[in-house]
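Each chain gets a letter, A, B and so on, in the order its sequence line appears, and its residues count up from 1. Predicted model, so just to flag it, every value in this text is computed and none were measured.
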There are 2 protein chains.
Amino acid sequence: MLQQSGSHSCQSCQVRHLSILSRMSTERLGQIAQDFNPSVITFGGQDTIYYQGDSARYAYTVRSGFVKLLSILPNGRTHIVRVLHTGDLLGFEGIVGGKYAHTAMALTKVDVCRFALSELMALKQNYAEVDGMLTQRWIQSLTKAEDMLVELGAKKTGERLGAFLVRWCESAPKGIEGWVPLPLSRAEVGELLGMTVETVSRALSEWKRQGLFQERGGFIRLPDVERLCATVCNISRSEVLNVG
Amino acid sequence: MLQQSGSHSCQSCQVRHLSILSRMSTERLGQIAQDFNPSVITFGGQDTIYYQGDSARYAYTVRSGFVKLLSILPNGRTHIVRVLHTGDLLGFEGIVGGKYAHTAMALTKVDVCRFALSELMALKQNYAEVDGMLTQRWIQSLTKAEDMLVELGAKKTGERLGAFLVRWCESAPKGIEGWVPLPLSRAEVGELLGMTVETVSRALSEWKRQGLFQERGGFIRLPDVERLCATVCNISRSEVLNVG
DNA sequence: CGTTTTCTTGAATCAACTCAATACGAGTGG
DNA sequence: CCACTCGTATTGAGTTGATTCAAGAAAACG
């Protein structure tokens with residue numbers, strides 16, 4: 001499934017406040033209309049948005065749904081590098097080296113806004129607001145990647161899974177009554193956190209039994225975050241997340 | 001040990017070609033002299049350049065020597081996030097959030113060029129060459145961090161160590177006859193790759209016996225990279241433990 | 001409804017860790 | 001120069017956390 005619904009107007013975009021254009025005034029937005037021609041495209045779950053190594057012509061912003069970025073090793077193993085949702089930018093790394101660094105795959109039905117990298121670069125040069133947002137995004141992605149690196153390098157499986165769940169529930173778009181969508185299979189969680197399906201399943205089952213974790217049709221809930229953190233490594237929430 | 005040798009001239013800088021100013025013409029360089037006032041500072045091995053969480057006023061470029069960036073977890077464990085050498089930029093993340101994300105520590109005697117973040121940001125705004133270089137650096141660090149993430153998430157200890165050695169020998173400044181400086185203790189290699197001192201030591205000793213790895217006073221050499229890779233990827237128990 | 005995929009659970013195995021002891025090397029001071 | 005220390009590296013033995021292999025149970029799908 002792949003559906004293209006033509007060019008949209010940035011002015012009327014519902015998720016612009018989450019995008020790299022969030023700092024732009026409405027009048028400035030009008031100016032860019034001629035040089036910036038994004039398309040809105042819809043992908044179905046499991047669809048590939050682009051492939052690792054493909055020559056990169058476009059970058060994308062997620063309008064709705066979830067996307068995973070994965071790195072495929074020569075030996076066939078795959079690792080999920082990042083999971084993206086509304087407002088996140090992907091494919092931008094193409095401006096250095098000209099190739100996509102990962103394969104981007106839709107985890108759910110996904111709406112993206114697609115635009116040429118060349119147009120984005122022009123925008124960055126001519127509009128300080130865009131340049132500032134891009135800078136901010138990179139530093140944030142770098143910080144996030146490095147945080148993950150520390151997770152993988154210095155923590156045990158249980159701690160990693162616990163920290164992941166807590167962070168996910170805090171950052172993902174919330175549903176009702178604390179139920180948060182988690183469009184990842186056990187296997188995918190494993191690929192993200194560097195552990196096997198079985199290990200993920202065992203830990204989640206155990207926490208379910210202890211009333212620390214609930215799940216219903218693709219949504220999850222953590223009834224007692226403090227206690228989960230304590231159980232996982234006998235430390236507080238802030239320590240699990242490594243925040244001051 | 002900390003020694004400040006006052007402001008230097010970018011024009012006469014020996015390592016400018018490796019820095020974020022590499023793309024600037026000599027005449028353009030003259031223009032920035034009034035607004036850009038870097039200092040050259042020397043640190044001794046083990047000195048801390050800045051601390052994780054400190055409010056960030058400066059960024060630095062490594063002129064010579066090696067620097068480690070480390071993340072310290074609440075439970076006391078530390079993880080080395082990156083090792084930097086000549087030409088690398090550090091501390092730049094301070095422009096978002098205003099704090100350093102890591103502790104930067106000198107592994108050897110180190111010369112850095114220090115400049116105010118505010119000055120760097122002004123430079124970035126006024127000179128497209130600098131902006132371009134920063135962008136490039138940023139994407140490269142992100143790509144590197146994500147590569148490391150995959151290493152930690154999807155590979156076993158031997159594979160990680162092997163890959164690290166090969167990469168190090170390819171990217172570090174070379175000495176004579178293939179001897180490359182490695183200013184990291186076994187413990188530090190472990191902190192970088194998420195394994196214990198003992199595991200690092202065991203693998204290196206084994207490879208030494210097999211003639212795949214040599215070491216002399218802080219310098220290392222890989223006589224047969226191909227065979228090392230072959231050995232590392234066939235993770236047979238008898239080979240690793242040398243039994244049978 | 002059966003079929004397929006995903007999830008769970010158990011048992012056995014193994015890689016990597018911890019603990020512990022020894023060896024090496026650099027530096028210090030008698 | 002040797003004995004002493006201190007930090008680092010090596011090596012061994014035992015333990016354990018996580019994996020692999022395998023078999024059921026539960027969802028999801030057409």
Side-chain angles (χ1 to χ4, degrees), chain A residues 1 44-46 75-77 79 107-109 151-162 164 181-210 213-220 231-234, chain B residues 44-46 75-77 79 107-108 151-162 164-165 182-210 213-220 231-244:
Chain A
M1 189 207 301
Q46 312 303 323
N75 60 21
R77 278 177 285 189
H79 187 86
L107 286 165
T108 59
K109 175 176 175 300
E151 290 281 311
L152 291 171
K155 290 186 177 176
K156 302 196 176 303
T157 56
E159 302 173 83
R160 294 210 288 273
L161 185 57
F164 164 73
L182 181 71
L184 294 166
S185 68
R186 300 289 191 264
E188 284 167 326
V189 173
E191 273 179 46
L192 181 67
L193 301 177
M195 50 209 271
T196 58
V197 201
E198 293 94 329
T199 305
V200 175
S201 179
R202 273 182 246 275
L204 292 182
S205 300
E206 177 59 24
W207 295 342
K208 249 182 213 170
R209 270 175 233 122
Q210 298 182 9
F213 171 74
Q214 298 178 324
E215 193 175 28
R216 256 168 41 188
F219 285 72
I220 64 163
T231 304
V232 161
C233 43
N234 211 24
Chain B
Q46 312 304 323
N75 60 20
R77 280 177 284 189
H79 188 85
L107 286 165
T108 58
E151 290 281 312
L152 291 172
K155 291 187 176 175
K156 301 200 177 299
T157 56
E159 300 173 86
R160 294 210 289 273
L161 186 56
F164 164 73
L165 289 178
L182 181 71
L184 294 166
S185 69
R186 301 289 190 264
E188 283 168 327
V189 173
E191 274 178 45
L192 181 67
L193 301 177
M195 49 208 272
T196 58
V197 201
E198 292 94 331
T199 305
V200 174
S201 180
R202 272 182 245 275
L204 292 182
S205 300
E206 176 59 23
W207 294 342
K208 249 183 214 172
R209 270 173 233 124
Q210 297 184 6
F213 171 74
Q214 299 178 323
E215 194 174 27
R216 254 170 41 188
F219 285 73
I220 64 164
T231 304
V232 160
C233 294
N234 300 353
I235 17 161
S236 102
R237 196 183 101 84
S238 57
E239 268 184 310
V240 173
L241 298 180
N242 195 30
V243 290

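One interatomic measurement links the two molecules: CD of B:Glu198 to P of C:dA20, which rounds to 12 Å at whole-angstrom precision. Counting to the nearest Å, the C1' atom of C:dA15 and the NZ atom of B:Lys155 are 17 Å from each other. Summarising the geometry, the separation between CG on B:Leu204 and P on C:dA16 is reported as 14 Å, rounded to the nearest angstrom. Distance CG (A:Leu161) to C1' (D:dG17): 15 Å, rounded to an integer number of Å. Look at CD on B:Glu159: it is 12 Å from P on C:dA15, rounded to the nearest Å. As rounded to whole Å, 13 Å separates atom C1' of C:dT5 from atom CD of A:Glu188. Counting to the nearest Å, the P atom of D:dT19 and the CZ atom of A:Arg77 are 12 Å from each other. Rounded to an integer number of Å, the gap from A:Arg216 CZ to D:dA28 C1' is 18 Å.
At the heavy-atom level, A:Arg209 lies under 4.0 Å from the strands shown only through sugar-phosphate atoms. Looking at heavy-atom distances under 4.0 Å, B:Ser201 makes contact with a base. Among the heavy atoms of the strands lying under 4.0 Å from A:Thr199 is at least one base atom, whether or not backbone atoms are also near.
In the set D:dT10, C:dC7, C:dC17, C:dC17 carries the atom at the smallest distance from any side-chain atom of B:Met195.
Across the interface with DNA chain C, nearest-nucleotide mapping of A:Lys156 and A:Ala187 shows A:Ala187 to be the residue nearer the 5′ end. Sequence order on DNA chain D of the closest nucleotides to A:Arg202 and A:Gly218 puts A:Arg202 first from the 5' end.
Looking only at side-chain heavy atoms (C-beta outward), B:Thr157 and B:Val200 stay at 4.5 Å or farther from each other. Looking at B:Leu204 and B:Leu161, their side chains come closer than 4.5 Å, going by heavy atoms from C-beta outward. Between A:Glu191 and A:His79, the closest side-chain pair of non-hydrogen atoms is not below 4.5 Å.
Within 3.5 Å, no donor on the side chain of A:Arg186 pairs with an acceptor on the base of C:dT9, nor the reverse. Interface remark: the A:Glu215 side chain does not form any donor-acceptor pair with the C:dC7 base, using a distance-only criterion of under 3.5 Å.
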Polar atom pairs (N or O), protein with nucleotides 21-24 of chain C, under 3.5 Å:
none

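Residue B:Thr196 has a polar side-chain atom (N or O) positioned under 4.0 Å from OP1 or OP2 of C:dC17.
Remark: A:Glu206 engages A:Arg209 in a salt bridge, criterion side-chain N to carboxylate O under 4.0 Å. Using a 4.0 Å cut-off between charged nitrogen and carboxylate oxygen, A:Arg77 and B:Glu159 count as a salt-bridge pair.
Side-chain atoms of A:Arg160 come within 3.5 Å of backbone atoms of A:Gly194 as a donor-acceptor pair (strictly under, hydrogens ignored). Using modelled atom types, no side-chain atom of A:Arg186 and backbone atom of A:Ser201 make a donor-acceptor pair closer than 3.5 Å.
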